[in-house]
J.: 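Here it is, the structure in full.
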Number of protein chains: 2
Amino acid sequence: MARRMMSDEVQGHIRELILTRRLAPGDPLPTESELMSLFEVSRNSVREALKALQAVNVVDIRHGFGTYVGSLSLDSFVDGMVFRAAVRHRRGEASLAELLEVREALEAGLIGSVAGDIPDADLGRLRELIGAMEREADETGRVSAETDRAFHLALYRSLGNHLLSEVLDAFWAAFHRVREELREERQDERVTLARHQAIVAALEAGDTAGAVTAMRDHFAGIRQVLRRSARD
Amino acid sequence: MARRMMSDEVQGHIRELILTRRLAPGDPLPTESELMSLFEVSRNSVREALKALQAVNVVDIRHGFGTYVGSLSLDSFVDGMVFRAAVRHRRGEASLAELLEVREALEAGLIGSVAGDIPDADLGRLRELIGAMEREADETGRVSAETDRAFHLALYRSLGNHLLSEVLDAFWAAFHRVREELREERQDERVTLARHQAIVAALEAGDTAGAVTAMRDHFAGIRQVLRRSARD
DNA sequence: ATCGGGAGATGGGACATGGGATGTTCCTAC
DNA sequence: GTAGGAACATCCCATGTCCCATCTCCCGAT
């Protein structure tokens with residue numbers, strides 16, 4: 001029966017409500033007091049349910065304004081993975097390496113799908129980003145994280161898969177946040193730059209197999225740096 | 001500098017507490033009243049924080065018993081994706097196809113990593129599962145979901161990457177749950193079986209490229225069924 | 001006519017308290 | 001020795017009250 005913890009029940013009702021009313025992210029939800037009388041529960045239960053839903057980006061609570069349908073983004077998933085990695089790291093597991101391996105699997109699989117018929121517009125954008133990386137490396141000695149992120153997103157834009165882009169971006173963000181927290185070393189920027197260039201070069205040549213190995217090399221380089229700093 | 005919103009602040013404190021005390025999943029957390037006096041906040045704020053953390057599997061609340069460190073599993077992530085897919089589906093997006101594409105990218109990338117040096121033990125397990133599928137197909141006309149799931153997990157067991165297995169399994173679960181909800185058609189079981197056999201055959205032969213294309217064929221088959229039923 | 005600021009309405013945030021529901025533990029009764 | 005049940009710890013739900021954030025709208029100063 002549905003009688004199993006009020007707040008969970010309310011959570012379900014709110015989810016249903018979003019579905020049956022065909023609400024989209026950003027649409028307003030009933031106020032807390034409306035939800036109270038709608039489901040005939042106390043304000044506490046409503047608030048606990050909303051808090052839980054907010055934690056997974058299903059609703060967006062704006063103080064003094066109202067509650068809205070959330071973005072349904074994967075941000076909370078990133079938080080979860082970062083925390084999880086932190087916990088596991090303290091128990092001696094190579095959580096950062098595991099994250100990297102997931103990224104490698106994804107991108108190695110994807111690059112094979114895009115190579116061959118990547119639009120010129122995307123190639124142009126990639127060349128642009130390579131240029132930006134060169135400039136940044138010259139000026140500040142580092143490639144900015146955002147440029148790297150944009151590069152890895154631009155690669156797969158032609159697939160037109162929204163979910164895929166978000167998943168990729170989520171793992172990218174998780175990896176970088178964990179690496180920051182662990183204060184791991186970063187690869188020499190010139191090497192990174194060269195790897196990126198190799199990927200674009202293979203794409204331009206329409207060389208699918210070459211693109212895949214270039215991508216694998218890219219990740220192999222990062223992995224090696226991780227292993228080296230793990231030995232210290 | 002107190003963050004905004006008590007419950008968020010408490011959430012952070014609890015996370016810190018788990019990290020600094022080096023707690024593992026299953027370890028007990030302070031009771032609600034202890035947390036109240038520990039952080040000097042009301043019971044409501046503590047409960048809202050716990051509810052939010054429970055929603056992402058960071059804590060596990062057991063009625064009448066206590067609260068514990070959660071499993072940190074990706075279950076909530078699966079729920080999130082299923083809900084997200086449901087919302088997007090109603091807005092005309094091919095959310096199921098997107099999920100499948102993510103799975104394909106992952107597995108196509110991974111199969112390339114394992115092929116070549118997959119342990120005999122894993123190969124044996126894979127053959128066993130194929131046998132189970134044949135039996136099921138004969139007896140009930142369908143391959144059970146669990147066997148399929150086990151197959152896709154066994155493929156990458158040799159990588160020894162716990163996170164990877166969970167991510168893979170999460171997307172597997174999300175895909176199947178969404179497909180159930182949408183009442184999509186399923187592929188002919190004999191075809192599925194043949195695809196699985198082809199993958200194992202390529203692995204046994206040590207044929208990396210063959211394994212990758214077998215995997216891609218497998219997903220191409222599923223994709224085709226989805227497209228066909230979308231045309232109806 | 002326009003711009004700016006302040007009052008009120010709306011709506012979420014926090015707290016305190018009381019009673020209940022549900023597990024666990026342990027002791028008693030047989 | 002074992003089954004039943006009371007006592008306890010702990011989480012669950014409700015109510016009431018006040019605080020604070022954000023928006024709207026109107027009014028006065030320019």
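Because only heavy atoms are used, hydrogens play no part in the values below, and waters and symmetry mates are left out as well, while side chains stay in. Lettering of chains follows the sequences in order, A, B, ..., and the numbering in each one begins at 1. Note that the coordinates shown come from a computational prediction; the quantities given were computed from them, not determined experimentally.
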J.: Look at A:R135 together with A:E139 and state whether they make a salt bridge at an N to O cut-off of under 4.0 Å.
T.: no
J.: Mind calculating the distance between CZ (B:R47) and C1' (D:dT10) to the nearest angstrom?
T.: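 So the CZ-C1' distance, B:R47 to D:dT10, works out to 11 Å.
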J.: May I have the distance from A:F65 (atom CZ) to D:dC20 (atom C1'), rounded to whole angstrom?
T.: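 Distance check: A:F65 CZ to D:dC20 C1' gives 16 Å.
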J.: Examine the side chains of A:S73 and A:D75 and answer whether a donor and an acceptor come within less than 3.5 Å of each other.
T.: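 Present: a donor and an acceptor within the cut-off.
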J.: Whether B:R88 and B:E98 form a salt bridge (side-chain N of Lys/Arg under 4.0 Å from carboxylate O of Asp/Glu) is what I want to check.
T.: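 No salt bridge links B:E98 with B:R88.
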J.: Flag the pair A:L53 / B:F83 as yes when at least one side-chain heavy-atom distance between them is below 4.5 Å, and no otherwise.
T.: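 A side-chain contact is absent here, since even the closest heavy-atom pair is not under 4.5 Å.
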J.: Rounded off to whole Å, could you give me the OH-to-C1' distance for the A:Y68 and D:dT22 pair?
T.: 10 Å
J.: So where does chain B start and stop touching DNA chain C, 5' to 3', when the test is distance under 4.0 Å to a non-hydrogen atom?
T.: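 Nucleotide range with atoms under 4.0 Å of chain B: C:dG13 to C:dT24.
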J.: Atom CG of A:L35 and atom C1' of D:dA14: how far apart are they, to the nearest Å?
T.: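 After rounding, the reported distance stands at 17 Å.
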J.: Starting from C1' on D:dT15, measure out to CD on A:E40 and report it in whole angstrom.
T.: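 Between C1' of D:dT15 and CD of A:E40: 16 Å.
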J.: Return the value, rounded to whole Å, for the distance between atom NE2 of A:H63 and atom P of D:dC20.
T.: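 Going from A:H63 (NE2) to D:dC20 (P), I get 10 Å.
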J.: Give a yes/no answer on whether the side chain of B:R62 brings an N or O atom under 4.0 Å of OP1 or OP2 in D:dT10.
T.: no
J.: Let me spell it out: for each of A:V41 and B:T31, pick the nucleotide of DNA chain D with the closest heavy atom. Which residue's pick is nearer the 5' end?
T.: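 Here B:T31 is the residue nearer the 5' end.
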J.: When the nearest nucleotide of DNA chain D is assigned to B:L29 and to A:S42 on a heavy-atom basis, which residue is associated with the more 5' position?
T.: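 Closest to the 5' end, via its nearest nucleotide, is B:L29.
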J.: D:dC18 P sits how many Å from B:N44 CG, rounded?
T.: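 So the CG-P distance, B:N44 to D:dC18, works out to 17 Å.
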J.: Nearest-Å distance, CE (A:M5) to P (D:dC12)?
T.: 6 Å
J.: Below 4.0 angstrom, N of the basic side chain to O of the carboxylate: do A:R149 and A:E146 qualify?
T.: yes
J.: Are B:E128 and B:R125 within salt-bridge range, i.e. N to O under 4.0 Å?
T.: yes
J.: Looking across every strand, which nucleic acid part, if any, lies under 4.0 Å from A:I61 by heavy atom: base, sugar-phosphate, or nothing?
T.: sugar-phosphate
J.: One thing to verify: whether B:E189 and B:R142 come together as a salt bridge, which I'm taking to mean a side-chain N less than 4.0 angstrom from a carboxylate O.
T.: yes
